[in-house]
Each structure stands twice: as structure tokens, then as C-alpha cells.
Amino acid sequence: MPKITFTSATGESRVVEATAGDSAMQTAVRNGVPGIVGECGGVLSCATCHVFVDEADLDRLPPMSEIEDEMLDGAAEDRRANSRLSCQIPLSDDLDGLKVTTPEFQE
Amino acid sequence: MTVRPGHGTLIVGASQAGVQVAGSLREQGYDAPITIVGAELHPPYQRPPLSKALLHGGLTTDALLFRSPEYYAEQQIELVLGERIAAVERAADGSGVAISASGRRFPFGRLALTVGARPRRLSMPGADLAGVRYLRDTEDALALRGDLARARQVVVVGGGFIGLEVAASARQLGRSVTVVLADDRLMKRAVEEPISQFFRAAHERRGIALHFGVSPASALGDGAGRVRALELTDGRVLDADLVVVGIGAVPRTELAEQLGLAVDNGIVVDEHGVTSDGTTVAAGDCASFPSPVPGPFGRMRFESVSTAVEQARVAAATLAGRAVPYRTAPWFWSDQFDLKLQVAGLSCGADRDVVRGDPNAEKFSVLYYRDDRLAAAECVNSPVDFLAVRSALGIGRTVPAELAADTSVPLKKLLQDVRDVPLESVR
């Protein structure tokens, strides 16, 4: 099972074992990782699962859709070059070791 | 966390609001026992996909679960499934015992009602035929998915979110789909006229037939107990081997009534989520609450994820001993085909609207103003506009109506550029 590390804006890290096929957002919410809300459940409607992806992992992720790109423009905390919506990151063994940081605000 | 012994909080209803009350209580350091009792056998799950991805997208029910079993264990939230609370006995201080239909007893110090709503049912001859379906929970959705796999001609009764989402799902599966509705326009309770008109044309372009201003008179059977056609009040008869009814939901108020709580189209709560007994809280689809935003509104009841979540947070704060008023502008969404509708704020009573973007390109927003202030936005495939308006309403900002139509400037930029207009009760 892929492992993913969530680090909060204040630097606290938590490693979670994900179920392959779940998104990074689902993995965080199901396991009570703070800093990710995911209110719409992963259908690109709320932009409350914004994460900053570790630079080393960026190339491993699937490309961003136009609508994800637009949603990131409206995220509560300003987007950066390594911003993604974590509901759009399906986890697999290929993504084992993924590291993301959550922003200070999601809403 | 070490949980104190005692009776703590009993949450009746393993719903979006129920899970949020429990989670928010723990986030706020509440250290008394928390029990969630749910009537369904499925652990708490998201409902919005039941009319969409679960029907046509191959989603599994496991994908809908809010939390892992480990989460409930770690947070010391006891989850009891398959028990429907039938009666509540109570002492004067608000504590008491809830008793399930099977006779199981659940003592509590405080009670939270997150019992949701049930689908409004059609009463007509033939309403009980096989193939006449409603959609509220997972079992409904799985049964409907099974029927959709075999159906050829689907008639949907009701032109609200559930009806149109099911219609779109059925059409995406290649079925012939007709929608009949009593109203003169689509989603009349939820959106304003321009959006209704856009969706009417968009659904027709995608091959859905729409009949306005009619209701079902009777369902006709095939002689073997299954529906074969739906007769309408105007005399027309539509062939149908599947009828899906989405004509609204009725709040579950039986327990509240039994407890003697005030009920008015939902369990009456104040801005802190407290019911008329002064101790019990309620949140979500079952609750009737004072408007969270200023305006010419009375009491309201909303069936949406965001209101369930926000009211649950407020109710949890109350239970944890912190009074936080409910002040968040409602927002909601609906996905129909490739059309993403997102609504922020309350448009009723608006005196001006501004169209931003191009309806012909199926990408536009309508912004609504009341007394020159931005009150709401209804956005089609325009998430950036939606997020900007949701954020603006949250912090009490507006955007000048005369600038709002200019799509070359992001709304967010316009919001930042306008002078703050203080609003008495927005946080």
C-alpha cells in the first residue's frame, strides 16, 4: 500500500498508509488528517483540499485538468507552482512516498 | 485523548451532519463519550454521488465512506449501525435515554438530532408498482442502478437537482429519458430564471425531453406488477419501464415532535443550533434555522452538504460550551452531464442581475444584487467566479455590478479593488 506524508503548515508530519485507488484527499479525510477539508467529496466543486506537493514528486503526478487549474486560482490560500487539489491525485504504488504540505487555510 | 466516563453526546443520525458533529466535538477538545447511532447498515457516507457517479460512473459504495474504521476508533467515536431510534425518555436537565426499535438503550447527557429527510412520495394509483423508484440512500441507489441497466424508457418525475441528475445519468447510459414536472421551470426552488432557461435548453440539446406543468395521474402496470407507462394529469400517457420520483424531501421530525420540540418545516433551531428545549441541538436537512445572512428572509431549511457541515460545526461548538453563531452563506453544486452548476449565497429578493460570460459557450455566471450589494452567484462551468463570490460573501465584500460583466478581469481582482462595505452581522 502506498504511503503518503502530510505535513501541516506548522510543520507537523503524519504518514498515512493509503488504499490504492483512493485519492490523496480521501486518504487524508478518512484518517482525520487536519488541514484538508474536501467538502464536495472530490468532484472539483469546493477547492478545500489544496496541497503543496514536494518538488521532487511533481513529475510523478497526473497532469492537471483545466478545471483543477481554474479552481486553484480561487483557492483560499494563494496557489504556488507546486499547488494541486489533492482530490485529483489518485494514489497507487507508483506514488509510494509522496509528500505534500497542507496550507494554513482551506476556507 | 482520555475520554471521561459518563454519558456524553448521543448523535441520532449517521449522516453528513452527524459525522461532522462528532468530528468537530473532538477537534474542539470535547472529552466526553460520543456515540453516533444510524438506522442504515452502511457506515456514514456521502450522498451527492448517489445520483451521479454511483449511477453512471462505476463508483463503488466503499468510495463513498467519510471515514475509516481506524478514525472512529482513534477518535473514540462509537458508531452503532442498523439501529433506528424510536423513542426518547428525558430528564429535566436534558439528559436521558434513547431507545431503538429493537429495544437497545442509549443513555446520553446531551442529544444531537442529525436525522435528515426522507423523499416525498407520490400518492397515485400504481405508485407501488415495481420500477417506481425513489432515491435517498445507498440501497435506493444500488436498486436504481440495477433497474437502469435493464431500462429502455425512463421517466423522471421532478425537475429539481435529484431529478435532473438522475435524468442526466440515465441519458449518459444511453437510455431514452423524459422529465415531467409540475413547475414551469427547472430547479425552481434552487435557482433563478436565467439558469433554469439555460438548463432547459442544455438538457434538450443532450436529448432529454421535458414536460412542464404536469404531474403523474397514475402508473400503469404490465400485468405482472411492474410499471409499463405513466399517465399524466393532462391525459398523455408516456411509456416507461422505469419511473424515478424526485419531488423533494420531507424532514424527519418524528423524534423532535415526540420530545415536544418546536417544528416548522423542520426542527426549529436558533443561530447556535439549539432546539426549543434549550439543550438538544439539531443540524442538516432536518433543521429549520434563522437565515445565516442578512436579508428579507425568514426561517429556512436547506438540503446541502455545506449547510449540513456548517450547522454541525455550530452545533458541536454549542455542545462543547462555546457559542458560535451560524453565519455562513449557503453554497451548493449540481453536476449534470458535463455541466457544473455551483451556487453561492441566497438570490431571493435580488433586484438586479449581471450575466458574466457566454451562455452559448456553456460557461457563464449570473451575479445577483440586493440593494447594490452582491448577494449570490449561480455559475455554470465557472468555478473561479463561484469561489470568488463564495469568498466575498464570507468576508462581507461586494463587486460593483457595472464591472462584473467584464470577463477579462477576474472577479477576485475586482473584489480586492473595491472599498469594503461593512455589513453589520457578517463575520
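Numbers restart at 1 for each chain; the letters A, B, ... are given by sequence-line order, proteins then strands.
With a 4.5 angstrom heavy-atom cutoff, A:L72 does not touch chain B via any of its atoms. Proximity to chain A (any heavy atom under 4.5 Å) is restricted, for B:L64, to the backbone atoms N, CA, C and O. No part of B:D385 comes within reach of chain A, as not one of its non-hydrogen atoms sits under 4.5 angstrom from that chain. With a threshold of 4.5 angstrom between heavy atoms, A:A76 does not approach chain B through any atom at all. In this structure, chain A has a heavy atom under 4.5 Å from the side chain of B:E74, while its backbone stays farther away. Both the backbone and the side chain of A:E70 come within contact range of chain B, with heavy atoms under 4.5 Å apart.
Contact count against chain A (heavy-atom pairs under 4.5 Å) is highest for B:K340 among B:E70, B:Q342, B:K340, B:R390. The greatest number of non-hydrogen atom pairs below 4.5 Å with chain B, out of A:G42, A:S23, A:C46, A:A75, is found for A:C46. Counting heavy-atom pairs closer than 4.5 Å to chain A, the top-ranked of the candidates B:W331, B:Y72, B:W333 is B:W333.
The closest side-chain donor-acceptor pair between B:T9 and B:Y30 falls under 3.5 angstrom. Between the side chains of B:T61 and B:H42, not a single donor N or O lies within less than 3.5 Å of an accepting N or O. Side-chain atoms of A:T48 and A:Q106 include no donor-acceptor pair closer than 3.5 Å. No side-chain N or O of A:S65 forms a donor-acceptor pair with one of A:Q88 less than 3.5 Å apart.
Using a 4.0 Å cut-off between charged nitrogen and carboxylate oxygen, A:E68 and A:R79 do not count as a salt-bridge pair.
In this structure, B:Q311 CD and B:Q20 CD are separated by 11.5 Å, a value rounded to the nearest 0.5 Å.
Stacking of A:R80 on the aromatic ring of A:F52 is recorded, both the 6.0 Å distance cut-off and the 45° axial limit being met.
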